Protein chains: 2
Amino acid sequence: MRKVFLFMDTICNKVDGKGRVSLPSDYRAIVKDLSSEIVCYRSLSLPCIEGCLEETLDKLAADIENSTDFFSEAQDNLTNLVFGDAKRFPFDSTGRIMLSEKLLKHAGITNEAVFVGKGRKFQIWNPENWAKEEARIRAEALKNRPSLRSKENE
Amino acid sequence: MRKVFLFMDTICNKVDGKGRVSLPSDYRAIVKDLSSEIVCYRSLSLPCIEGCLEETLDKLAADIENSTDFFSEAQDNLTNLVFGDAKRFPFDSTGRIMLSEKLLKHAGITNEAVFVGKGRKFQIWNPENWAKEEARIRAEALKNRPSLRSKENE
DNA sequence: ATAACTATGGTATAACATGGGATTTTATGG
DNA sequence: CCATAAAATCCCATGTTATACCATAGTTAT
């Protein structure tokens, strides 16, 4: 049994006409090892799909369940929205999941999808959008940490 | 056996003349796996129906049994209110439950019902009302967390 | 070199939502 | 205790969609 799990790497796979796409094999290995399931939903702040293990969302649900008043609306309604948006995406014997129209549209994905590891979760992007996003993130990081910039010239 | 259970996704199903609606298949799978039952009641704070597993309400009943301090009295009253309102809704061989007139009226449901996952529970809405409610939640969230708005434009 | 795995296309099968009708149960009054 | 009407439950049929399965080609590891 694995002690830790990390969604890593950046992998681009084809999306066929039905919305089927191969889940990176490393991701599948995590799901199998932990006997869990992949859950995906629209990012609340970015034009991409987010995915994680079902047990990650379960922790959220447990917190809400144990809060003082189960019948009142959750303190953070936005958190609550995730459950309405999320859905299990089991992969078949060939390792593919079938992304819904809703998710694909939100991320602007058509023929190709880029899986980007984010540790406890991952994101799925339209390739062009991810290229822009990655450039933006790097620029942002350099701006905030000049020490990184200086090392660039070495 | 499943380690966790989460009511997720947002699904719109038809309500026929008899008040019958298909319970989303994912929800049915949870009920079967846990050998439990679906229980529904009127939301205490919103114009919608709420549903959960019978064992979820059972935990709350246990809490009342064990409650000693007077501070929990108000909480217990709310819970008891739900017990008076709740009822089992078993689904037939085709996966349908029959919602009562009382519940349908409270939620303003006629031809269509939207099931919205909320983790340990779910809600059933009139489609138009849910659209408004979701918009309201998102607007509220943006007001309280401007950081989400800034990222939206990227 | 060969075996195992991966990504990907195509097809067959099973499951789902939904309409309609038949049968059983429930409430109520004789 | 039975009779009756209403209502709830069950069963069958259908089109649609998702899922499981098969096949191939390219990679990687042994």
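The chains referred to below are lettered A, B, ... by the order of the sequence lines, with proteins before strands, and numbering in each begins at 1. Computed from a predicted structure; not experimentally measured.
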Problem - Residue pairs involving residues 13-22 of chain A (criterion side-chain hydrogen bond (donor to acceptor under 3.5 Å, both in side chains); sequence neighbours excluded) - result: D16(A)-R20(A)

Practice task
Verify, without hydrogens or angle tests, whether D33(B) (side chain) and R2(B) (backbone) share a donor-acceptor contact under 3.5 angstrom.
Solution key: no

Fill in the blank from the handout: Note: contacts of residues 17-27 of chain A with DNA chain D (heavy atom, under 4.0 Å) are K18(A), R20(A)

Practice task
Could you grab the distance from atom NZ of K121(B) to atom CZ of F70(A), nearest 0.5 Å is fine?
Solution key: 5.0 Å

Handout entry: Summary of ring pair (Phe, Tyr, Trp, His ring centres under 6.0 Å) pairs that have at least one residue in residues 48-67 of chain A, sequence neighbours excluded
Key = none

Problem - Inter-residue atom distance I124(A).CD1 - I97(A).CD1, 0.5 Å rounding - result: 5.0 Å

Handout entry: Residue pairs, two or more places apart or on separate chains, that pass side-chain hydrogen bond (donor to acceptor under 3.5 Å, both in side chains) and touch residues 98-115 of chain B
Key = D85(B)-K102(B)

Handout entry: Residue pair T10(A) / V114(A): nearest heavy atoms and the distance that separates them
Key = CG2-CG1, 3.5 Å

Handout entry: With sequence neighbours excluded, residues passing ring-ring contact (aromatic ring centres under 6.0 Å, His included) with F83(B)
Key = none

Completion exercise
Taken to the nearest 0.5 Å, the spacing of E133(B) CD from Q123(B) CD works out to 7.5 Å

Handout entry: Pairs flagged by ring pair (Phe, Tyr, Trp, His ring centres under 6.0 Å) wherever residues 2-26 of chain A is involved - sequence neighbours left out
Key = F5(A)-F7(A), F7(A)-Y27(A), F7(A)-F122(A)

Fill in the blank from the handout: Taken to the nearest 0.5 Å, the spacing of R28(A) CZ from I30(A) CD1 works out to 12.0 Å

Completion exercise
d(F91(A) CZ, E37(A) CD) to nearest 0.5 Å is 8.0 Å

Distance-only donor-acceptor pairs under 3.5 Å for side chains of residues 57-66 of chain B, two or more places apart:
unit_1: N66(B); atom_1: ND2; unit_2: A62(B); atom_2: O; d: 3.2

Practice task
Could you tell me, to 10°, how much the axis swings from one end of the helix from dA1(C)-dT30(D) to dG30(C)-dC1(D) to the other, five pairs per end?
Solution key: 60°

Practice task
Please list, by residue number, the residues of residues 5-16 of chain A whose heavy atoms come closer than 4.0 Å to an atom of DNA chain C; answer none if no residue qualifies.
Solution key: N13(A), K14(A), D16(A)

Handout entry: Spacing of CZ belonging to F115(A) relative to CG belonging to L23(A), to within rounding of 0.5 Å
Key = 5.5 Å

Problem - Heavy-atom protein contacts under 4.0 Å, nucleotides 24-30 of chain D, coded B base, S sugar-phosphate only, - none - result: -------

Completion exercise
The correct set of residues in residues 86-105 of chain B placing a heavy atom under 4.0 Å from DNA chain D is T94(B), R96(B), M98(B)

Practice task
Taking salt bridge (charged side-chain N to carboxylate O under 4.0 Å, His left out) as the test, write out the residues that go with E134(A), two or more places apart.
Solution key: R138(A)

